[in-house]
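Heads up, the thing below is written out as structure tokens.
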Amino acid sequence: MTRRRRRFSPEFKEEAIRMVLEGDRTVASVAREFDINASTLGSWVNRHRIVSAQEEPRPVSGPDRARIRELERENAELREKLIFLKKAAAFFAAETR
């Protein structure tokens, strides 16, 4: 006997996700209340978290911003050194042939 696949409206999914994220309820308890599989609800919640994290970038604070600038400067310096070392290696490799 095969079971038909149930389809859920976006509103239904949003309500179930909201109950998990905004309340102190577990995925399993909300899933039991809505009569759905806990792994299904868990995947909806995880997908929602991923999408919302991509949409809402965190503002960078002052110390973090300064650290990022420092790391970018260091990264640029290291790239220049790498280019120089590659050229030097190519030069000495050609010289020994």
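Given the structure is predicted, the values throughout are model-derived calculations rather than measurements.
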Does Glu70 have any salt bridge (Lys or Arg N to Asp or Glu O under 4.0 Å) partners at least two apart in sequence or in another chain, and if so, which? Arg67

Got a sec, which residues hit salt bridge (Lys or Arg N to Asp or Glu O under 4.0 Å) with Arg32, two or more places apart in sequence or on another chain?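 By the salt bridge (Lys or Arg N to Asp or Glu O under 4.0 Å) rule, Arg32 matches no residue at all.
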
Apart from Phe8 itself, residues in the same hydrophobic cluster as defined by side-chain heavy atoms under 4.5 Å: Phe12, Ile17, Met19, Val20, Leu21, Val27, Val30, Phe34, Ile36, Leu41, Trp44, Val45

Run the salt-bridge test on Glu77 and Lys81 with the 4.0 Å N-O cut-off and return the result as yes or no.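 Here Glu77 pairs with Lys81 in a salt bridge, since their nearest N and O are under 4.0 Å apart.
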
Taking only Lys NZ, Arg NE, NH1 and NH2, and the carboxylate oxygens of Asp or Glu, determine whether Glu15 and Arg18 approach each other closer than 4.0 Å.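 Here Glu15 pairs with Arg18 in a salt bridge, since their nearest N and O are under 4.0 Å apart.
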
Which residues pass the side-chain hydrogen bond (donor to acceptor under 3.5 Å, both in side chains) test with Asn46, not counting sequence neighbours? none

If the condition is side-chain hydrogen bond (donor to acceptor under 3.5 Å, both in side chains), which residues does Thr40 pass it with, not counting sequence neighbours?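 Result, side-chain hydrogen bond (donor to acceptor under 3.5 Å, both in side chains) vs Thr40: none returned.
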
Salt bridge (Lys or Arg N to Asp or Glu O under 4.0 Å): pairs with one or both residues in residues 33-45, sequence neighbours excluded: Arg25-Glu33

Out of curiosity, Glu80 CD to Asn75 CG, how far, rounded to the nearest 0.5 Å?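 The distance works out to 10.5 Å.
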
CZ/Arg79: more than 12 non-hydrogen atoms of other groups inside 6.0 Å: no

For Ala31 and Ala38, work out which heavy atoms get closest and say how close. CB-CA, 3.7 Å

